[in-house]
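For reference, the structure is listed below as C-alpha coordinates.
Order of listing sets the numbers, starting from 1, for every ligand and every atom in it. We use all heavy atoms of the structure for the numbers below, so side chains are in, but hydrogens, waters and symmetry mates are not.
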Amino acid sequence: MTEIPRPSADALLDQPPLSPAEVSALEQALGALLGTDNDIVLVQSEAIVALEAVAHSVAGPGIPALNVVTGPYGDGFGQWMRQAGSPVRDLVSPFDEVARVDDVVAAIRRDRPRVVSLVHAEAATGGTNDVAPILRAAREVGAVTVLDAVASIGAEPVLVAEWDIDLTVIGGQKGLAGPAGVSAVVVSPHAWAHIDANPGAPRSSVLSVLDWRDAWLRTDRSVIPGLPSWLESRALALAVERVRAEGLATVNARHAAAAAATRAGVHALGLELWQRGAGVAPVATAVRIPLGRREALQDGALGGILSAGVGVLKGQLLRVNHYGQAARPEPVNDALVRIAAAMSVNPGAALEAAAKIWGASGLPEN
Ligand SMILES: *Cc1c(COP(=O)(O)O)cnc(C)c1O
(Lines give C-alpha, C1' and ligand atoms only; values in the text may rest on other atoms or scores of the structure.)
Protein backbone atom coordinates (compact mmCIF):
# COMPACT_ATOMS: atom_id res chain seq x y z
CA MET A 1 0.00 0.00 0.00
CA THR A 2 1.27 3.43 -0.91
CA GLU A 3 0.98 5.86 1.95
CA ILE A 4 -1.17 8.88 1.26
CA PRO A 5 0.96 11.94 1.98
CA ARG A 6 -0.37 14.57 4.37
CA PRO A 7 1.04 17.89 3.15
CA SER A 8 1.14 20.72 5.65
CA ALA A 9 -1.17 23.74 5.59
CA ASP A 10 2.04 25.69 5.01
CA ALA A 11 2.64 23.88 1.76
CA LEU A 12 -0.94 23.70 0.51
CA LEU A 13 -2.84 26.65 1.95
CA ASP A 14 -0.90 29.47 3.51
CA GLN A 15 1.13 30.59 0.52
CA PRO A 16 1.52 34.11 -0.80
CA PRO A 17 -0.31 34.75 -4.08
CA LEU A 18 1.47 33.89 -7.28
CA SER A 19 3.49 36.87 -8.41
CA PRO A 20 3.79 38.20 -11.98
CA ALA A 21 7.51 37.39 -11.81
CA GLU A 22 6.73 33.75 -11.02
CA VAL A 23 4.38 33.50 -14.00
CA SER A 24 7.03 35.00 -16.30
CA ALA A 25 9.65 32.65 -14.88
CA LEU A 26 7.37 29.65 -15.51
CA GLU A 27 6.88 30.74 -19.12
CA GLN A 28 10.61 31.13 -19.57
CA ALA A 29 11.34 27.75 -18.03
CA LEU A 30 8.81 26.10 -20.35
CA GLY A 31 10.25 27.95 -23.35
CA ALA A 32 13.75 26.78 -22.41
CA LEU A 33 12.53 23.20 -21.94
CA LEU A 34 10.94 23.28 -25.39
CA GLY A 35 13.77 25.22 -27.01
CA THR A 36 11.57 28.03 -28.30
CA ASP A 37 11.26 31.81 -28.06
CA ASN A 38 7.62 31.72 -29.13
CA ASP A 39 4.87 32.93 -26.82
CA ILE A 40 3.74 30.54 -24.11
CA VAL A 41 0.06 30.78 -23.21
CA LEU A 42 -0.64 29.26 -19.81
CA VAL A 43 -4.03 27.65 -19.41
CA GLN A 44 -5.43 27.43 -15.89
CA SER A 45 -6.74 23.97 -16.40
CA GLU A 46 -5.76 20.52 -17.55
CA ALA A 47 -4.42 20.03 -21.05
CA ILE A 48 -7.70 18.82 -22.46
CA VAL A 49 -9.07 22.36 -21.97
CA ALA A 50 -6.00 23.84 -23.70
CA LEU A 51 -6.70 21.53 -26.64
CA GLU A 52 -10.32 22.62 -26.80
CA ALA A 53 -9.19 26.27 -26.68
CA VAL A 54 -6.78 25.68 -29.56
CA ALA A 55 -9.38 23.85 -31.67
CA HIS A 56 -11.87 26.69 -31.29
CA SER A 57 -9.16 29.29 -31.97
CA VAL A 58 -7.94 27.85 -35.26
CA ALA A 59 -11.20 26.50 -36.68
CA GLY A 60 -14.25 28.17 -38.14
CA PRO A 61 -16.51 28.34 -41.19
CA GLY A 62 -14.45 28.42 -44.38
CA ILE A 63 -11.32 27.10 -42.67
CA PRO A 64 -10.77 23.53 -43.91
CA ALA A 65 -8.83 21.30 -41.55
CA LEU A 66 -7.12 17.96 -41.89
CA ASN A 67 -7.08 16.05 -38.61
CA VAL A 68 -4.91 12.96 -38.16
CA VAL A 69 -6.65 10.53 -35.82
CA THR A 70 -4.66 7.73 -34.21
CA GLY A 71 -6.47 7.61 -30.88
CA PRO A 72 -9.27 9.10 -28.80
CA TYR A 73 -7.69 12.56 -28.31
CA GLY A 74 -7.35 13.21 -32.04
CA ASP A 75 -10.95 12.17 -32.52
CA GLY A 76 -12.06 14.72 -29.93
CA PHE A 77 -9.96 17.46 -31.49
CA GLY A 78 -11.67 16.96 -34.85
CA GLN A 79 -15.09 17.18 -33.22
CA TRP A 80 -14.24 20.51 -31.58
CA MET A 81 -13.07 21.94 -34.92
CA ARG A 82 -16.33 20.79 -36.48
CA GLN A 83 -18.29 22.44 -33.66
CA ALA A 84 -16.40 25.63 -34.46
CA GLY A 85 -17.62 25.39 -38.06
CA SER A 86 -14.63 24.03 -39.96
CA PRO A 87 -15.04 21.44 -42.67
CA VAL A 88 -12.83 18.73 -41.14
CA ARG A 89 -11.40 15.72 -42.89
CA ASP A 90 -10.38 13.09 -40.32
CA LEU A 91 -7.62 10.76 -41.49
CA VAL A 92 -8.31 7.83 -39.20
CA SER A 93 -5.88 4.98 -38.53
CA PRO A 94 -6.90 1.83 -36.73
CA PHE A 95 -6.11 2.64 -33.10
CA ASP A 96 -3.50 -0.12 -32.99
CA GLU A 97 -1.38 1.58 -35.63
CA VAL A 98 0.27 4.96 -35.88
CA ALA A 99 -0.37 7.30 -38.81
CA ARG A 100 0.79 6.18 -42.25
CA VAL A 101 3.01 9.09 -43.11
CA ASP A 102 2.85 8.71 -46.90
CA ASP A 103 -0.95 8.70 -46.87
CA VAL A 104 -1.10 11.75 -44.62
CA VAL A 105 1.44 13.70 -46.66
CA ALA A 106 -0.42 12.84 -49.89
CA ALA A 107 -3.72 14.00 -48.36
CA ILE A 108 -2.15 17.29 -47.21
CA ARG A 109 -0.77 17.96 -50.71
CA ARG A 110 -4.08 17.08 -52.33
CA ASP A 111 -6.44 18.93 -49.94
CA ARG A 112 -4.20 21.88 -49.07
CA PRO A 113 -6.00 22.40 -45.73
CA ARG A 114 -5.53 25.60 -43.69
CA VAL A 115 -5.11 23.62 -40.46
CA VAL A 116 -3.31 20.31 -39.88
CA SER A 117 -3.67 18.76 -36.42
CA LEU A 118 -2.23 15.62 -34.92
CA VAL A 119 -1.28 13.91 -31.68
CA HIS A 120 2.40 13.19 -31.12
CA ALA A 121 2.43 10.36 -28.56
CA GLU A 122 -0.71 8.42 -27.68
CA ALA A 123 -0.63 7.48 -24.00
CA ALA A 124 -3.95 5.68 -24.52
CA THR A 125 -2.62 3.27 -27.16
CA GLY A 126 1.14 3.36 -26.63
CA GLY A 127 1.93 4.73 -30.09
CA THR A 128 4.08 7.61 -31.30
CA ASN A 129 3.50 9.27 -34.64
CA ASP A 130 6.39 10.18 -36.92
CA VAL A 131 5.36 13.82 -36.93
CA ALA A 132 8.31 15.58 -38.63
CA PRO A 133 7.44 14.73 -42.26
CA ILE A 134 3.76 15.46 -41.65
CA LEU A 135 4.53 18.86 -40.14
CA ARG A 136 6.90 19.60 -43.04
CA ALA A 137 4.22 18.82 -45.63
CA ALA A 138 1.73 20.97 -43.73
CA ARG A 139 4.14 23.88 -43.73
CA GLU A 140 4.72 23.48 -47.47
CA VAL A 141 1.04 24.18 -48.11
CA GLY A 142 0.98 27.04 -45.59
CA ALA A 143 -1.26 25.30 -43.06
CA VAL A 144 -1.26 26.16 -39.38
CA THR A 145 0.00 23.11 -37.51
CA VAL A 146 -1.30 21.86 -34.16
CA LEU A 147 0.59 19.22 -32.20
CA ASP A 148 -0.83 17.58 -29.09
CA ALA A 149 2.44 16.92 -27.26
CA VAL A 150 0.86 16.32 -23.85
CA ALA A 151 2.01 12.71 -23.70
CA SER A 152 5.34 13.19 -25.49
CA ILE A 153 6.87 16.11 -23.59
CA GLY A 154 9.42 14.71 -21.18
CA ALA A 155 9.17 11.22 -22.65
CA GLU A 156 10.73 11.97 -26.04
CA PRO A 157 12.05 14.99 -27.99
CA VAL A 158 9.45 17.60 -28.95
CA LEU A 159 11.32 19.85 -31.36
CA VAL A 160 9.14 22.95 -31.49
CA ALA A 161 11.71 25.08 -33.36
CA GLU A 162 13.16 22.44 -35.67
CA TRP A 163 9.72 21.18 -36.67
CA ASP A 164 8.44 24.76 -36.80
CA ILE A 165 5.20 23.85 -35.00
CA ASP A 166 2.60 26.63 -34.83
CA LEU A 167 0.63 25.45 -31.80
CA THR A 168 2.12 22.94 -29.39
CA VAL A 169 0.00 21.84 -26.44
CA ILE A 170 1.71 20.41 -23.38
CA GLY A 171 0.76 19.37 -19.87
CA GLY A 172 2.74 18.50 -16.77
CA GLN A 173 1.03 15.29 -15.79
CA LYS A 174 2.76 12.70 -17.97
CA GLY A 175 6.48 12.68 -18.74
CA LEU A 176 7.25 15.78 -16.69
CA ALA A 177 6.00 14.11 -13.50
CA GLY A 178 4.11 17.27 -12.63
CA PRO A 179 0.58 18.49 -11.96
CA ALA A 180 -2.39 18.25 -14.33
CA GLY A 181 -4.02 21.52 -13.36
CA VAL A 182 -2.07 24.08 -15.40
CA SER A 183 -1.15 23.44 -19.02
CA ALA A 184 0.47 25.46 -21.78
CA VAL A 185 0.29 26.24 -25.48
CA VAL A 186 3.31 27.41 -27.45
CA VAL A 187 2.08 29.85 -30.11
CA SER A 188 4.08 30.90 -33.20
CA PRO A 189 3.68 34.28 -34.95
CA HIS A 190 2.10 32.40 -37.89
CA ALA A 191 -0.48 30.93 -35.50
CA TRP A 192 -1.28 34.36 -34.01
CA ALA A 193 -1.83 35.77 -37.51
CA HIS A 194 -4.20 32.90 -38.32
CA ILE A 195 -6.12 33.24 -35.05
CA ASP A 196 -6.34 37.04 -35.35
CA ALA A 197 -7.85 36.59 -38.80
CA ASN A 198 -10.40 34.08 -37.52
CA PRO A 199 -13.58 35.96 -36.55
CA GLY A 200 -14.80 32.89 -34.64
CA ALA A 201 -11.78 32.64 -32.33
CA PRO A 202 -13.10 32.81 -28.75
CA ARG A 203 -13.03 36.10 -26.86
CA SER A 204 -14.20 36.76 -23.31
CA SER A 205 -14.08 33.04 -22.77
CA VAL A 206 -12.13 30.51 -20.77
CA LEU A 207 -11.23 29.07 -24.19
CA SER A 208 -9.68 32.33 -25.43
CA VAL A 209 -5.94 32.38 -26.04
CA LEU A 210 -6.34 35.92 -27.42
CA ASP A 211 -7.65 37.18 -24.05
CA TRP A 212 -4.54 35.90 -22.28
CA ARG A 213 -2.25 37.37 -24.94
CA ASP A 214 -3.83 40.81 -24.80
CA ALA A 215 -4.35 40.97 -21.05
CA TRP A 216 -0.99 39.51 -20.08
CA LEU A 217 1.62 38.70 -22.73
CA ARG A 218 1.37 42.07 -24.50
CA THR A 219 1.22 44.17 -21.33
CA ASP A 220 3.88 45.39 -18.93
CA ARG A 221 3.10 42.24 -16.95
CA SER A 222 2.45 43.93 -13.67
CA VAL A 223 -0.99 42.38 -13.14
CA ILE A 224 -1.89 38.74 -13.77
CA PRO A 225 -5.37 38.51 -15.30
CA GLY A 226 -7.85 36.58 -13.18
CA LEU A 227 -6.77 34.40 -10.34
CA PRO A 228 -4.23 31.82 -11.53
CA SER A 229 -3.86 28.46 -9.81
CA TRP A 230 -1.12 29.08 -7.28
CA LEU A 231 -0.52 25.51 -6.25
CA GLU A 232 -0.59 24.04 -9.72
CA SER A 233 1.59 26.79 -11.19
CA ARG A 234 4.19 26.35 -8.48
CA ALA A 235 4.04 22.57 -8.86
CA LEU A 236 4.54 22.87 -12.62
CA ALA A 237 7.52 25.19 -12.11
CA LEU A 238 8.99 22.66 -9.68
CA ALA A 239 8.42 19.79 -12.11
CA VAL A 240 10.10 21.68 -14.96
CA GLU A 241 13.02 22.61 -12.71
CA ARG A 242 13.44 18.98 -11.64
CA VAL A 243 13.50 17.84 -15.27
CA ARG A 244 16.01 20.58 -16.13
CA ALA A 245 18.23 19.54 -13.22
CA GLU A 246 18.19 15.87 -14.25
CA GLY A 247 18.59 16.83 -17.90
CA LEU A 248 15.81 16.51 -20.45
CA ALA A 249 17.89 14.03 -22.48
CA THR A 250 18.31 11.81 -19.42
CA VAL A 251 14.59 12.01 -18.62
CA ASN A 252 13.85 11.05 -22.25
CA ALA A 253 16.34 8.17 -21.96
CA ARG A 254 14.64 6.90 -18.78
CA HIS A 255 11.34 6.80 -20.62
CA ALA A 256 12.87 5.01 -23.62
CA ALA A 257 14.44 2.43 -21.30
CA ALA A 258 11.22 1.97 -19.30
CA ALA A 259 9.31 1.34 -22.53
CA ALA A 260 11.94 -1.05 -23.88
CA ALA A 261 12.10 -2.94 -20.56
CA THR A 262 8.31 -3.21 -20.50
CA ARG A 263 8.20 -4.49 -24.06
CA ALA A 264 10.89 -7.08 -23.32
CA GLY A 265 9.09 -8.20 -20.17
CA VAL A 266 5.72 -8.40 -21.86
CA HIS A 267 7.12 -10.50 -24.71
CA ALA A 268 8.79 -12.81 -22.17
CA LEU A 269 5.34 -13.35 -20.65
CA GLY A 270 4.07 -14.45 -24.04
CA LEU A 271 1.94 -11.36 -24.56
CA GLU A 272 1.81 -9.03 -27.56
CA LEU A 273 1.95 -5.30 -27.80
CA TRP A 274 -1.20 -3.45 -28.78
CA GLN A 275 0.69 -1.51 -31.44
CA ARG A 276 1.14 -3.63 -34.54
CA GLY A 277 3.93 -1.61 -36.12
CA ALA A 278 7.16 0.05 -35.08
CA GLY A 279 5.70 3.31 -33.78
CA VAL A 280 5.80 2.43 -30.09
CA ALA A 281 5.79 5.24 -27.54
CA PRO A 282 8.31 5.88 -24.78
CA VAL A 283 5.55 7.35 -22.57
CA ALA A 284 3.38 4.27 -22.08
CA THR A 285 3.06 0.73 -23.37
CA ALA A 286 -0.22 -0.84 -24.37
CA VAL A 287 -0.48 -4.61 -24.13
CA ARG A 288 -2.99 -6.55 -26.18
CA ILE A 289 -5.28 -8.64 -23.99
CA PRO A 290 -5.54 -12.05 -25.67
CA LEU A 291 -8.95 -13.61 -26.16
CA GLY A 292 -9.67 -15.80 -23.18
CA ARG A 293 -7.55 -13.64 -20.91
CA ARG A 294 -10.07 -10.86 -20.50
CA GLU A 295 -11.06 -12.07 -17.06
CA ALA A 296 -7.52 -12.34 -15.74
CA LEU A 297 -6.23 -9.09 -17.22
CA GLN A 298 -9.36 -7.04 -16.92
CA ASP A 299 -9.89 -3.44 -16.34
CA GLY A 300 -6.92 -2.13 -14.48
CA ALA A 301 -7.92 -4.08 -11.39
CA LEU A 302 -4.27 -5.00 -11.39
CA GLY A 303 -3.11 -1.79 -9.71
CA GLY A 304 0.30 -0.17 -9.64
CA ILE A 305 1.02 1.73 -12.86
CA LEU A 306 -1.37 -0.49 -14.84
CA SER A 307 -4.66 0.85 -16.10
CA ALA A 308 -7.48 -0.25 -18.33
CA GLY A 309 -8.18 0.80 -21.89
CA VAL A 310 -10.60 3.72 -21.99
CA GLY A 311 -13.73 3.99 -24.12
CA VAL A 312 -13.59 1.80 -27.22
CA LEU A 313 -10.31 0.32 -25.95
CA LYS A 314 -11.84 -1.07 -22.76
CA GLY A 315 -11.21 -4.79 -22.35
CA GLN A 316 -8.91 -4.82 -25.38
CA LEU A 317 -5.68 -3.53 -23.90
CA LEU A 318 -3.84 -2.99 -20.69
CA ARG A 319 -1.82 0.18 -20.26
CA VAL A 320 1.54 0.29 -18.51
CA ASN A 321 1.90 3.95 -17.55
CA HIS A 322 5.67 4.10 -17.11
CA TYR A 323 5.90 7.88 -17.27
CA GLY A 324 7.25 10.60 -15.04
CA GLN A 325 8.77 9.16 -11.88
CA ALA A 326 7.43 5.75 -12.91
CA ALA A 327 9.96 5.62 -15.76
CA ARG A 328 12.26 3.62 -13.49
CA PRO A 329 12.99 -0.07 -12.90
CA GLU A 330 10.96 -0.54 -9.72
CA PRO A 331 7.52 0.51 -11.01
CA VAL A 332 8.10 -1.29 -14.31
CA ASN A 333 9.15 -4.50 -12.53
CA ASP A 334 6.16 -4.19 -10.24
CA ALA A 335 3.88 -3.96 -13.29
CA LEU A 336 5.45 -7.06 -14.84
CA VAL A 337 5.01 -8.99 -11.58
CA ARG A 338 1.34 -7.97 -11.40
CA ILE A 339 0.70 -9.06 -14.99
CA ALA A 340 2.50 -12.37 -14.42
CA ALA A 341 0.51 -12.97 -11.23
CA ALA A 342 -2.76 -12.30 -13.04
CA MET A 343 -1.75 -14.87 -15.65
CA SER A 344 -0.57 -17.31 -12.97
CA VAL A 345 2.90 -17.55 -14.46
CA ASN A 346 6.33 -17.02 -12.99
CA PRO A 347 7.61 -13.46 -13.53
CA GLY A 348 11.27 -14.53 -13.57
CA ALA A 349 11.81 -14.46 -17.34
CA ALA A 350 10.09 -11.08 -17.66
CA LEU A 351 12.16 -9.52 -14.89
CA GLU A 352 15.34 -10.93 -16.40
CA ALA A 353 14.48 -9.52 -19.82
CA ALA A 354 13.71 -6.12 -18.30
CA ALA A 355 16.93 -6.12 -16.25
CA LYS A 356 18.95 -6.67 -19.41
CA ILE A 357 17.45 -3.55 -20.95
CA TRP A 358 18.17 -1.41 -17.90
CA GLY A 359 21.69 -2.82 -17.73
CA ALA A 360 22.35 -1.92 -21.37
CA SER A 361 20.82 1.56 -20.97
CA GLY A 362 23.65 2.87 -18.80
CA LEU A 363 21.07 4.51 -16.52
CA PRO A 364 21.26 4.08 -12.74
CA GLU A 365 19.35 0.94 -11.74
CA ASN A 366 16.95 2.50 -9.29
C1 LIG B 1 -3.08 12.72 -21.32
C2 LIG B 1 -3.30 13.31 -22.65
C3 LIG B 1 -3.96 14.53 -22.81
C4 LIG B 1 -4.48 15.32 -21.66
O5 LIG B 1 -5.58 14.75 -21.10
P6 LIG B 1 -6.09 15.22 -19.66
O7 LIG B 1 -7.46 14.73 -19.67
O8 LIG B 1 -5.95 16.69 -19.61
O9 LIG B 1 -5.17 14.54 -18.70
C10 LIG B 1 -4.10 15.02 -24.07
N11 LIG B 1 -3.61 14.38 -25.15
C12 LIG B 1 -2.96 13.22 -25.04
C13 LIG B 1 -2.44 12.56 -26.28
C14 LIG B 1 -2.78 12.64 -23.79
O15 LIG B 1 -2.16 11.47 -23.69
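Ile170 and Val283 fall into different hydrophobic clusters, where Ile, Leu, Val, Met, Phe, Trp and Tyr are joined by side-chain heavy atoms under 4.5 Å apart, directly or via other members.
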- For salt bridge (Lys or Arg N to Asp or Glu O under 4.0 Å), just list the numbers for Asp130 and Arg100, CA-CA rounded to whole Å, side-chain angles, deciding distance to a tenth of an Å, and then say yes or no. CA-CA 9 Å; Asp130 181 12; Arg100 294 178 189 171; over 6 Å; no
- Could you walk me through whether Arg136 and Glu162 pass the salt bridge (Lys or Arg N to Asp or Glu O under 4.0 Å) check? CA-CA 10 Å; Arg136 198 179 311 124; Glu162 187 177 321; over 6 Å; no
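Closest protein heavy atom to atom 11 (N) of ligand 1: Asp148 OD2, 2.7 Å. In terms of protein heavy atoms, atom 5 (O) of ligand 1 is closest to Tyr73 OH, 3.3 Å. When only non-hydrogen protein atoms are considered, atom 9 (O) of ligand 1 lies nearest to Gln173 NE2, 2.8 Å. Counting protein heavy atoms only, atom 7 (O) of ligand 1 is closest to Glu46 OE1, 2.9 Å.
Side-chain contact annotation: Gln15 with Arg234, donor-acceptor N/O pair under 3.5 Å present. A donor and an acceptor atom, one from each side chain of Glu97 and Thr70, are nowhere located under 3.5 Å apart. For Asn38 and Ser188, the side-chain atoms include no donor-acceptor pair closer than 3.5 Å. A donor and an acceptor atom, one from each side chain of Thr285 and His322, are located under 3.5 Å apart.
Per-residue contacts place Val119 under 4.0 angstrom from the following atoms of ligand 1 (heavy atoms of the residue considered): 13 (C). If you number the atoms of ligand 1 from 1 as listed, the ones under 4.0 Å from a heavy atom of Ala151 come out as 15 (O). Taking every non-hydrogen atom of Leu51 and a distance limit under 4.0 Å, the qualifying atoms of ligand 1 come out as 10 (C). Interface of Ala123 with ligand 1, defined as ligand atoms under 4.0 Å from a residue heavy atom, comprises 15 (O).
Of all the heavy atoms of Ala121, the ones lying under 4.0 Å from any atom of ligand 1 belong exclusively to the backbone. At a 4.0 Å heavy-atom cut-off, ligand 1 touches Val150 through the side chain alone. Of the heavy atoms in Lys174, only side-chain atoms (C-beta onward) come closer than 4.0 Å to ligand 1. Using a 4.0 Å cut-off between heavy atoms, Val283 makes no contact with ligand 1 at all.
Ser86 contributes a side-chain N or O that, together with a main-chain N or O of Ile63, makes up a donor-acceptor pair within less than 3.5 Å.
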